[in-house]
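Below: the structure, in structure tokens.
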Amino acid sequence: MHKVLCLNKISPIGTDRLGAEYEFSTDMQNPEGILVRSAAMHDMELPAELLAIARAGAGVNNIPIAKCSEAGIVVFNTPGANANAVKELVLAALFMTSRKIIPAIEWAKTLKGSGKEVSKLVEKGKSAFAGPEILGKKLGVIGLGAIGVLVANAAQTLGMQVYGFDPFLSVDAAWNLSSSITKAASIDDILTNCDYITIHVPLNDSTRGLIGGDALAKTKPGVRLLNFSRGELVDTAALLPALESGHVAAYATDFPDDALIGVENVLAIPHLGASTPESEDNCAMMAVDQLKDYIENGNIKNSVNFPAISMPRDAQTRICIAHRNIPNTIGSFTALCGAAGINIENMLSKSRGDWAYTILDVSNDVTPDLLAELEALDPVVRARAI
Ligand SMILES: NC(=O)c1ccc[n+]([C@@H]2O[C@H](COP(=O)([O-])OP(=O)(O)OC[C@H]3O[C@@H](n4cnc5c(N)ncnc54)[C@H](O)[C@@H]3O)[C@@H](O)[C@H]2O)c1
Ligand SMILES: O=C(O)[C@H](O)COP(=O)(O)O
């Protein structure tokens, strides 16, 4: 029986796929797998038996990736599985930051009880809530991954002039991006030219504070800023005076902090980007399928710390080794197997940056001693037989 711990509410459409061979609970000791959404894991002690963490979603800044790699724990996410949900909310925010829809609705509520006067009061008061159309305006999209591409393409069909910036644009994203999107040469191109700016990059050490005082100073007066990625990408302390002065006309964020809540022209959304049944189902199914395939077969798809690697199984036993990407490591594996009288029928090794992963399909049973010898090799962080 495999054990999977669930740290957030995950759609049963996904968890039902675990099947009868899995014990699944929100509270258990020594799990082999963890399913998580946004629960903070940085301070969590990682159980010794833990093989993998599957993030049902995109962002993995809540997971201690480097610590997981050192322990040979494979971390998965579900690229693109919630991208449409976020795109739809970003489009809503484009309209809401333009047309003052939320404050206008709030004001309309205050007219309750005015009887026959309501329509007169509506006509008298509505001018306070006028706001521009998005048609023809310039939208800058920072980060053209799964979400950024969908936002850019949709905004273009709504008649916006769209500029995109992504120094690491993937080939897939380039294929999916409408040819009408203008490629920005630098982030400054976006900052200085655009009426609306939307951020779709991961939060990491190089993107934290991406939009700070210097960046805001380069933006056009009246710019509208949208952040559906992570709060710390935008420096709140620098943003507040820019909102106060009106230089930033509106800020829509899915990640409000205490200082932003209640501030005029801030649209503070409680992290609803991926909260649709469709996205929750998609993410849960992908996360569970990837986790199961890793636990049962050692295959890796959509990991953020180890390479993609997959091999059909046709031998008695599979040895899976997570290790550092160092020359001559595979030679030590085959030498140890040879010395133990193990016949390797098939093998595959892949690397990704500092880390690598090797699958050895062998025609014998594998002893705990051999696994211990493999794990004792300097570059190896985890060896197991399935
Ligand atoms: N609000 C929500 O509920 C919600 C839902 C999903 C994702 N997210 C957030 O949105 C982020 C993006 O999601 P995604 O699915 O599009 O991820 P993705 O990995 O498909 O795309 C991220 C893109 O950012 C680019 N990038 C990285 N650093 C950059 C930089 N400095 N400048 C410009 N581009 C840069 C990458 O090249 C990549 O193309 C996630 O990391 C997550 O934090 C939020
Ligand atoms: O990175 C993500 O996928 C989103 O922020 C969604 O987070 P959630 O799964 O906690 O809604």
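Each ligand, and each atom within it, is numbered from 1 in the order the structure gives.
- The protein non-hydrogen atom at the shortest distance from atom 2 (C) of ligand 2 is Arg55 NH2, 3.3 Å.
- Scanning all protein heavy atoms for the shortest distance to atom 3 (O) of ligand 2 gives Ala58 N, 2.6 Å.
- Heavy-atom distances between Glu280 and ligand 2 stay at or above 4.0 Å for every pair.
- Under the 3.5 Å distance criterion, with hydrogens and angles disregarded, a donor-acceptor pair is assigned to the side chains of Asn61 and Arg230.
- When the heavy-atom distances from atom 9 (O) of ligand 2 to His271, Lys9, Arg37 are ranked, the shortest goes to Arg37.
- Which parts of ligand 1 touch Phe255 is read off a 4.0 Å heavy-atom cut-off, strictly below it: atoms 1 (N).
- Closest heavy-atom approach to atom 12 (C) of ligand 1 among the candidates His271, Arg37, His200, Arg230: His200.
- Heavy-atom proximity to Gly57, at under 4.0 Å, picks out these atoms of ligand 2: 3 (O).
- Rounding to the nearest 0.5 angstrom, the gap separating the CD atom in Glu296 from the CD1 atom in Ile386 is 9.0 Å.
- Residue Thr207 places no N or O, backbone or side chain, under 3.5 Å from any N or O of ligand 1.
- Of all protein heavy atoms, the one lying nearest to atom 44 (C) of ligand 1 is Phe228 O, 3.1 Å.
- Set against the non-hydrogen atoms of Gly273, the atoms of ligand 1 under 4.0 Å away are 1 (N), 2 (C), 3 (O).
- Counting heavy-atom neighbours within 6.0 Å of Asp378 CG, excluding the residue itself, gives a total of 12 or less.
- Looking at atom 13 (O) of ligand 1, its nearest protein heavy atom turns out to be Ile147 CD1, 3.4 Å.
- A donor and an acceptor atom, one from each side chain of Asp281 and Ser11, are located under 3.5 Å apart.
- Of the protein's heavy atoms, Ser38 OG, 2.5 Å lies nearest to atom 10 (O) of ligand 2.
- In terms of polar-atom proximity, Leu203 is not counted as a contact of ligand 1, lacking any N or O under 3.5 Å from an N or O of the ligand.
- For ligand 1, the polar-atom distance check against Ile142 finds no nitrogen or oxygen pair separated by under 3.5 Å.
- Geometric assessment of Arg382 against the ring of Phe306 yields a negative cation-pi assignment under the 6.0 Å and 45° thresholds.
- Contacts between Ala274 and ligand 2, counted as non-hydrogen atom pairs separated by less than 4.0 Å, involve the side chain only.
- Defined by atom type and a distance below 3.5 Å, a donor-acceptor pair is present between the side-chain atoms of Asp365 and Gln316.
- Close contacts between ligand 1 and Ala58 involve ligand atoms 6 (C), 7 (C), 15 (O) [criterion: under 4.0 Å to a heavy atom].
- Nearest to atom 32 (N) of ligand 1 by heavy-atom distance, out of Ala274, Cys283, Pro167, is Pro167.
- Within a 4.0 Å radius of atom 19 (O) of ligand 1, the protein contributes no heavy atom.
- In this structure, a donor-acceptor pair under 3.5 Å is present between the side chains of Thr207 and Asn204.
- In this structure, Tyr357 has its ring center at least 6.0 angstrom away from the ring center of His323.
- In terms of protein heavy atoms, atom 21 (O) of ligand 1 is closest to Gly145 CA, 3.2 Å.
- Using a 4.5 Å heavy-atom threshold, the side chains of Asn227 and His200 count as separate.
- A donor-acceptor pair shorter than 3.5 Å can be found between the side chains of Ser98 and Tyr196.
- Here the heavy atom of the protein found nearest to atom 6 (C) of ligand 1 is Asn82 OD1, 3.3 Å.
- Residues Leu374 and Ile319 have side chains in contact (heavy-atom distance under 4.5 Å, counting atoms from C-beta outward).
- Atom 38 (C) of ligand 1 has its closest protein heavy atom at Asp166 OD2, 3.4 Å.
- Looking at Glu32 and His2, their side chains do bring a donor and an acceptor atom within 3.5 Å of each other.
- Set against the non-hydrogen atoms of Gly59, the atoms of ligand 2 under 4.0 Å away are 1 (O), 2 (C), 3 (O).
- The one candidate from Val304, Asn305, Ile300 that meets the side-chain contact (heavy atoms from CB on, under 4.5 Å) condition with Phe76 is Ile300.
- A donor and an acceptor atom, one from each side chain of Ser363 and Asn343, are located under 3.5 Å apart.
- Counting heavy atoms closer than 4.0 Å to ligand 2, residue Asn82 contributes side-chain atoms (C-beta onward) but none from N, CA, C or O.
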